[in-house]
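Below is one structure, written out as structure tokens; comments come after it.
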Amino acid sequence: MSPRNPESPDSLYKRIYAAVRRIPTGRVSTYGRIAKLAKAPGPRVVGYAMAALRDGSSVPWQRVVNHKGEISLRKAGDGQWRQRRLLEAEGVHFSLRGRIDLRAYGWPTPRKTPPNKA
DNA sequence: CCTGTGACGTCCC
DNA sequence: TGGGACGCCACAG
């Protein structure tokens, strides 16, 4: 196998994209979780893989946010807004601070942490 | 081959 | 609850 070769079926990026595709519509995951699921060496690599995506890649990249539940800023600049649009279209709710409640929309379900638990 | 950089996370204050 | 510092690694030049 050739993990260095992007064309390899079991390449790192392929695994990452596969993991992202598993995120259900209306739910979101984090770079860290995707990294684990895809057996990636680290979260940064996941971000790098996302940045390498093309439009119409069939990979729901918009469902990947950082561990704070916020849309990560990218170099390109544009896109964060588009990401938010796409997520809202899927029914994902953003707080006033522009954050997503991972306890409610996170995937896989991080914990059975009751949102209303005292 | 070596260096810089990035759509991040965790620890510590 | 918020902010700063360090760690980790693949990729491009």
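Numbers restart at 1 for each chain; the letters A, B, ... are given by sequence-line order, proteins then strands.
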Problem set entry | Close approaches to DNA chain B from residues 57-64 of chain A, in residue order (heavy atom, under 4.0 Å) | A:W61
For this session: For A:E88 and A:F94, indicate whether the former's side chain and the latter's backbone hold a donor-acceptor pair under 3.5 Å.
Result: no
For this session: Could you tell me whether the side chain of A:R99 and the main chain of A:E70 form a donor-acceptor pair under 3.5 Å?
Result: no
When you measure from the side chain of [X], which nucleotide among [options] comes out closest?
| X | options | value |
| --- | --- | --- |
| A:Y48 | C:dC11, B:dA7, B:dC8 | C:dC11 |
| A:R44 | B:dA7, B:dG6, B:dG9 | B:dG6 |
| A:Y13 | C:dG2, B:dC8, C:dA10 | C:dA10 |
| A:V45 | C:dA10, B:dG9, B:dG6 | C:dA10 |

Problem set entry | Intermediate values then yes/no, side chain to side chain contact (heavy atoms under 4.5 Å, CB included), A:V28 and A:I23 | CA-CA 7 Å; A:V28 297; A:I23 307 174; 5.6 Å; no
Problem set entry | Intermediate values then yes/no, side-chain hydrogen bond (donor to acceptor under 3.5 Å, both in side chains), A:R85 and A:Q80 | CA-CA 9 Å; A:R85 260 296 300 255; A:Q80 13 188 18; over 6 Å; no
Exercise. With distance as the sole criterion, is a donor-acceptor pair present between the side chains of A:T25 and A:R63 under 3.5 Å?
Worked result: yes
Exercise. Ignoring hydrogens and angles, does a donor from either the side chain of A:Y31 or the base of B:dA7 sit under 3.5 Å from an acceptor on the other?
Worked result: yes
Whole-Å distance between [N] [atom2] and [X] [atom1]?
| X | N | atom1 | atom2 | result |
| --- | --- | --- | --- | --- |
| A:L37 | B:dG9 | CG | P | 13 Å |
| A:R33 | B:dA7 | CZ | P | 21 Å |
| A:I71 | B:dC8 | CD1 | P | 12 Å |
| A:Q80 | B:dC8 | CD | C1' | 15 Å |
| A:H67 | C:dG2 | NE2 | C1' | 12 Å |
| A:L12 | C:dC11 | CG | P | 7 Å |
| A:L102 | B:dC8 | CG | P | 14 Å |
| A:I16 | B:dG6 | CD1 | P | 18 Å |

Exercise. What about A:L73 and A:V45, same hydrophobic cluster or not, with Ile/Leu/Val/Met/Phe/Trp/Tyr joined at side-chain heavy-atom distances under 4.5 Å?
Worked result: no
Problem set entry | A:R44 charged N/C atom sitting above A:Y31 aromatic ring, 6.0 Å / 45° | no
Exercise. Think A:R74 has a side-chain N or O under 4.0 angstrom from the OP1 or OP2 of B:dT5?
Worked result: no
Seminar exercise, completed: Given Watson-Crick and G-U pairs under 3.5 Å, DNA chain B in dot-bracket ([ ] crossing, | other strand) is .|||||.||||||
Exercise. Run the side chain to side chain contact (heavy atoms under 4.5 Å, CB included) check on A:M50 and A:I16 step by step: do they pass?
Worked result: CA-CA 9 Å; A:M50 291 298 105; A:I16 292 174; 4.0 Å; yes
Exercise. For A:R97 and A:P41, take the nucleotide of DNA chain C holding the closest heavy atom to each; which residue's nucleotide lies nearer the 5' end?
Worked result: A:R97
Exercise. Could you go step by step and tell me if A:V65 and A:I100 meet the side chain to side chain contact (heavy atoms under 4.5 Å, CB included) rule?
Worked result: CA-CA 9 Å; A:V65 298; A:I100 300 170; 4.1 Å; yes
For this session: Could you check A:S58 against A:R21 for side chain to side chain contact (heavy atoms under 4.5 Å, CB included), going step by step and ending with a plain yes or no?
Result: CA-CA 8 Å; A:S58 78; A:R21 281 197 195 82; 3.7 Å; yes
